[in-house]
Structures are given as C-alpha cells and as structure tokens.
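The structure appears right after this line, and notes come after that.
Only a predicted model underlies this, so the values are computations on that prediction, with no experimental measurement involved.
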Amino acid sequence: MDAVVPLLAAVLGAALGTFGGYILGNRRLKYEKLYERRAGVIADLSEKLYALHIGISSFVSFASFGDLDDEERGEQHIAAYEAYIEFSRYFSQNEVWLAPDACDRVEQFLSEVKQPLDEYTEGLDERGVPLGSETMFLGLEIARQTVLLRGELVTAFREILYPPPWYDAPLRLLEWLQTRDRKEGSQE
C-alpha cells in the first residue's frame with residue numbers, strides 16, 4: 001500500500017501535466033493564428049494606405065499642373081479615388097481584425113479625407129487646375145492631413161503588432177501616476 005500512493009501521485013501528476021500542456025498548447029496555437037492573421041491584415045491595409053497617400057499626393061500636387069495634359073490629370077483623379085475606394089473597401093471587409101481604437105482612427109481618417117477630396121475636385125476647372133486660392137489651399141491641406149493621418153495610423157498599427165511586454169506594465173503604471181500627479185499639481 002505504501003508503494004501505491006507515490007505511484008498514483010506520479011501517474012496523476014503526469015496526467016494533469018499532459019492535460020494542462022495540451023490545453024495551453026492549443027490556446028497558444030489559436031492565438032498565434034489570430035495574431036498572424038491580424039498582422040497580415042495590417043500589412044495589407046498599410047500597403048493600401050500608402051497607395052492612397054501616393055494617389056492623393058500626386059493628384060493635389062501643384063508641381064504637375066503644367067506638365068500633364070487633361071487626360072493624365074483625369075487619370076490621376078481616377079487613381080486617387082480608386083485608391084480611396086480600395087482602402088475603404090479593404091478596411092470594411094477586415095475591420096474585425098483591428099483593435100477598436102485603430103478602427104475608430106481609420107474611420108476618422110476616411111471621413112476626414114473624403115469630403116475635402118470631393119470639395120477639391122469640385123474646385124478644379126476642366127483641365128484639372130484649381131480655380132482659386134481656396135482650392136489650392138484645400139489641396140495642400142489634403143496632402144498635409146494625409147501625411148499626418150498616415151503617420152498616426154502607422155504608429156497605431158505598430159502598437160498593435162508590437163505591444164509592450166507584460167513586465168513593462170508596472171513601469172507604465174508608475175509613469176502614468178507620475179504624469180497624473182504632475183497634472184493635478186499644476187491645476188491647483
């Protein structure tokens with residue numbers, strides 16, 4: 001009887017260890033696939049965002065007004081809108097893979113670019129040249145906003161792909177408490 005208890009404990013320990021390893025291994029595998037899919041979506045979305053950035057920048061670029069004929073300006077216009085539509089479509093189909101705050105930022109980006117781009121297009125003459133200074137400034141603002149928003153989205157995507165390590169949490173909490181205390185101290 002004395003030999004049965006250690007043997008039973010060893011067998012039970014091995015069985016629990018195997019079962020626990022199986023559960024943890026399956027969980028890890030599941031999350032690895034999810035993160036791999038998320039990284040693929042972010043990479044494709046980033047690629048489409050770059051194409052949108054290039055399309056809009058070339059369309060509103062004032063350096064090309066004298067160099068391009070009407071057909072080439074029309075092609076730039078179409079390319080900018082196609083890039084916008086492709087980015088928007090891909091985002092809508094794959095937004096489930098992004099963090100909610102990143103989705104909000106992409107939606108804000110899409111809304112901030114669409115209306116000014118439409119207004120800019122309406123302010124062009126038949127040759128694709130801005131009719132007035134307001135249209136020119138709108139084109140510059142669109143290009144500037146596209147660069148800024150693209151930078152913010154790239155930063156947000158990097159935060160999703162490369163989250164801080166778990167052991168960094170106490171340092172981030174301490175930093176947050178210190179900045180909060182400084183803000184409270186400056187308000188008094």
Side-chain angles (χ1 to χ4, degrees), residues 21 23-64 76-121 137-187:
I23 297 294
L24 289 175
N26 277 343
R27 181 176 169 88
R28 190 188 100 229
L29 182 63
K30 176 178 127 180
Y31 282 105
E32 279 180 5
K33 294 290 184 189
L34 289 174
Y35 287 131
E36 184 178 319
R37 175 74 171 134
R38 175 186 273 182
V41 165
I42 289 173
D44 291 344
L45 196 62
S46 180
E47 183 179 313
K48 291 176 187 340
L49 178 60
Y50 181 72
L52 174 62
H53 167 72
I54 294 300
I56 287 177
S57 296
S58 63
F59 177 55
V60 299
S61 172
F62 302 113
S64 65
Q76 281 185 339
H77 180 219
I78 291 170
Y81 271 98
E82 284 177 349
Y84 176 85
I85 290 168
E86 178 63 21
F87 179 77
S88 177
R89 183 189 61 77
Y90 187 81
F91 166 72
S92 296
Q93 292 174 346
N94 294 288
E95 67 182 308
V96 70
W97 296 103
L98 300 176
D101 56 335
C103 287
D104 293 342
R105 191 64 189 113
V106 171
E107 288 169 353
Q108 180 183 359
F109 171 80
L110 290 171
S111 67
E112 287 179 1
V113 168
K114 178 73 169 118
Q115 182 185 5
L117 193 58
D118 289 341
E119 290 174 11
Y120 177 78
T121 303
F137 288 124
L138 186 59
L140 289 172
E141 184 62 21
I142 293 169
R144 189 180 75 76
Q145 283 297 324
T146 305
V147 170
L148 291 175
L149 293 170
R150 182 174 179 271
E152 290 176 17
L153 286 176
V154 167
T155 301
F157 292 162
R158 285 184 181 150
E159 288 173 1
I160 292 170
L161 288 174
Y162 308 110
W166 63 270
Y167 53 82
D168 200 26
L171 296 174
R172 286 180 285 155
L173 177 64
L174 181 62
E175 181 180 331
W176 177 79
L177 289 172
Q178 288 174 341
T179 56
R180 187 190 69 164
D181 290 343
R182 278 189 236 135
K183 288 179 184 176
E184 288 176 0
S186 65
Q187 291 176 353

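- Around atom CD of E175, no more than 12 heavy atoms belonging to other residues, nucleotides or ligands sit under 6.0 Å away.
- Evaluation of the salt bridge (charged side-chain N to carboxylate O under 4.0 Å, His left out) test over residues 36-45, restricted to residues two or more places apart or in two chains, returns none.
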Hey, can you pull the donor-acceptor pairs under 3.5 Å for the side chains in residues 99-113, sequence neighbours left out?
residue	atom	partner	partner atom	Å
R105	NE	E152	OE1	2.8
R105	NH1	Q108	OE1	2.8
R105	NH2	E152	OE1	2.3
Q108	NE2	E112	OE2	2.8
S111	OG	E107	O	3.4
S111	OG	Q108	O	2.9

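- Scored by the side-chain hydrogen bond (donor to acceptor under 3.5 Å, both in side chains) test, Q178 finds no partners at all (sequence neighbours excluded).
- The two residues A51 and A83 have their closest heavy-atom pair at O-CB, 3.9 Å.
- Every pair passing salt bridge (charged side-chain N to carboxylate O under 4.0 Å, His left out) that includes a residue from residues 88-98 is listed here, sequence neighbours excluded: E86-R89.
- Legend: residues meeting ring-ring contact (aromatic ring centres under 6.0 Å, His included) with F91, ordered by chain and number and at least two apart, are absent.
- Scored by the side-chain hydrogen bond (donor to acceptor under 3.5 Å, both in side chains) test, Y50 finds no partners at all (sequence neighbours excluded).
- A donor-acceptor pair under 3.5 Å is absent between the side-chain atoms of S46 and the main chain of I42, judged by distance alone.
- Atoms CG and CG, on L173 and L177 in that order, are 4.5 Å from each other to the nearest 0.5 Å.
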